[in-house]
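Just the heavy atoms: all of them, side chains too, but no hydrogens, waters or symmetry mates, feed the values below.
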Amino acid sequence: MLGLIALAGESPLRILAILIGEGFLNRAGIADSLVRSIPLTLAGLGVVLAFRAGVFNIGVEGQLLIGAALAVACAPILSPLPSALSLPLLLLAGTLGGAVWGGIAGFLKARFGANEIIATIMLNYIAIQMVSWLIRGPLQEASGIFPRSDKLANSLRLPILFDGTRLSAGLIVAALACVAVWFLVARSRYGYALTVTGKNPDAARYGGIRPGVIAFSVLCLSGALAGLAGIVEVSGLHGRLQEGFVGGIGITAIAVALLARLNPIWVPVAAFGFSGLYVGSDSVARLTEVPFPLVHVIEGMIVLAFLVLQILTMAKER
């Protein structure tokens, strides 16, 4: 990595200082990193639940998109209501949309034994095309100029926590979700069933746990968290449904969950780490002569180093 930076004509120490300083140390960088970490935390929690049950949910992006789309479609009905009622209902609509989309893959796996990796990946493509059609058709803004929805009413926007930043109350939603998922995993019978099914489906079946039911339910829950991530991102940051708002959240959420070792408590830490890298990388591209594609190479190598370190640590523990 240092060699690549040197070939670009920059000092590795300067690049490292910008990467860490802009992403993790100054006020604006920390705020932006927290903004980016909110959907990653929520989606990462969904991945944690699925992976702990031995179900590989690769469809986070599609579930996130459908959750956001359903919530935005419900916005005209909800906007006349008081904010104390309309905003929770909006978040609930997004959660429901993601749950339904995840549940489709869960039903296919439980009923027909379909491979959930293939099912969720294909559902991603369907969701992407469906949202693309919606923002050019039924949900397109009134002017009909741009492929995006109308802006959400102020009563449907998550409030900003600190003036001068984009950090919304989505941070609180993510924190509450972490506590809820931790309790579900560590303190409930359902969490025990997830863990047993993930480690040994035959033993789970012998103990009266039905792996098919677990697969369906966990994909619904995983999709629900992804859908919540989608509407929190729209309500708290963008204010409308538009193309490109996902920004790789679905794939990164998988890396976040793996880096957190499928522990819900460590998910926000891993999400903040990834987000800080993104913010710092943007600053590196803006403030130096390092070509933008090289920034992503550096970022990827850092992430890969962390994952390799994690694998080596797990191997030693065994």
Side-chain angles (χ1 to χ4, degrees), residues 27-46 60-61 63-99 101 131 134-135 139 141 148-181 223-250 252-253 256 264 267-268 271-272 274-276 278-279:
R27 182 177 182 272
I30 292 173
D32 283 344
S33 297
L34 286 172
V35 169
R36 286 176 176 259
S37 71
I38 292 169
L40 280 180
T41 297
L42 291 167
L45 289 170
V60 171
E61 183 173 341
Q63 294 148 17
L64 189 151
L65 284 169
I66 295 299
L70 179 62
V72 170
C74 294
I77 302 171
L78 300 176
S79 57
L81 301 175
S83 182
L85 181 61
S86 62
L87 186 54
L89 288 175
L90 184 80
L91 298 181
L92 181 60
T95 304
L96 179 61
W101 207 247
V131 171
L134 286 171
I135 58 177
L139 297 184
E141 62 178 359
R148 61 188 186 185
S149 70
D150 284 314
K151 273 205 166 188
L152 293 177
N154 289 335
S155 62
L156 298 177
R157 297 295 303 274
L158 285 164
I160 298 298
L161 295 179
F162 302 104
D163 292 336
T165 72
R166 301 182 300 163
L167 187 59
S168 74
L171 185 67
I172 299 173
V173 175
L176 293 174
C178 284
V179 174
V181 172
L225 285 162
L228 179 60
I231 189 53
V232 164
E233 182 75 351
V234 170
S235 175
L237 185 60
H238 302 287
R240 65 173 89 225
L241 187 65
Q242 58 191 25
E243 284 186 328
F245 85 92
V246 174
I249 293 171
T252 310
V256 165
V267 166
F272 182 74
F274 272 92
S275 302
Y278 290 149
V279 172

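- A salt bridge links Arg166 with Asp32: the closest approach of a Lys/Arg side-chain nitrogen to an acidic carboxylate oxygen falls below 4.0 angstrom.
- The heavy-atom pair separating Pro268 from Thr41 by the smallest distance is CA-OG1, 3.7 Å.
- The main-chain N or O of Ser37 is found under 3.5 Å from a side-chain atom of Ser275 such that the two form a donor-acceptor pair.
- For the atom pair CG of Leu42 and CG of Leu228, the computed distance is 5.0 Å after rounding to the nearest 0.5 Å.
- Leu167 is not listed as a side-chain neighbour of Ile160, based on a closest heavy-atom distance of 4.5 Å or more.
- Counted by atom type alone, Tyr278 and Ser33 present zero donor-acceptor pairs between their side chains at under 3.5 Å.
- Closest approach of Leu45 and Cys178 over heavy atoms only: CD1-N, 3.6 Å.
- Under the 4.5 Å side-chain criterion, counting only non-hydrogen atoms from C-beta, Arg148 is not in contact with Leu241.
- Contact of the His238 side chain with the Glu233 side chain is registered, since non-hydrogen atoms from C-beta on lie closer than 4.5 Å.
- Shortest non-hydrogen contact noted between Leu171 and Ile38 is N-CD1, 3.4 Å.
- Considering every non-hydrogen atom in both Arg27 and Asp163, the closest pair reads NH2-O, 3.7 Å.
- Side-chain contact between Ile231 and Thr95 is absent, with no heavy-atom pair separated by less than 4.5 Å.
- Thr165 places a side-chain N or O within 3.5 Å of a backbone atom of Phe162 that can act as its donor or acceptor partner.
- Here the shortest heavy-atom pairing between Leu40 and Ala271 reads CB-CB, 3.8 Å.
- Looking at every heavy atom in both residues, Phe272 comes nearest to Ile30 through CE1-O, 4.0 Å.
- The closest donor-acceptor contact from the side chain of Arg240 to the backbone of Asp150 lies at 3.5 Å or more, if one exists at all.
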Pair Gln242, Ile135 - check side-chain contact (heavy atoms from CB on, under 4.5 Å), show working. CA-CA 7 Å; Gln242 58 191 25; Ile135 58 177; 5.5 Å; no

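- For Glu141 and Lys151, the salt-bridge test fails: no basic side-chain N is under 4.0 Å from an acidic carboxylate O.
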Side-chain polar contacts of residues 64-82 - donor-acceptor pairs under 3.5 angstrom, sequence neighbours left out - could you list them?
residue: Ser79; atom: OG; partner: Ala75; partner atom: O; Å: 3.4
residue: Ser79; atom: OG; partner: Pro76; partner atom: O; Å: 3.3

For side-chain contact (heavy atoms from CB on, under 4.5 Å), just list the numbers for Val279 and Arg36, CA-CA rounded to whole Å, side-chain angles, deciding distance to a tenth of an Å, and then say yes or no. CA-CA 9 Å; Val279 172; Arg36 286 176 176 259; 3.7 Å; yes

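- Proximity of Ser168 to Leu237: side-chain heavy atoms (C-beta onward) are nowhere separated by under 4.5 Å.
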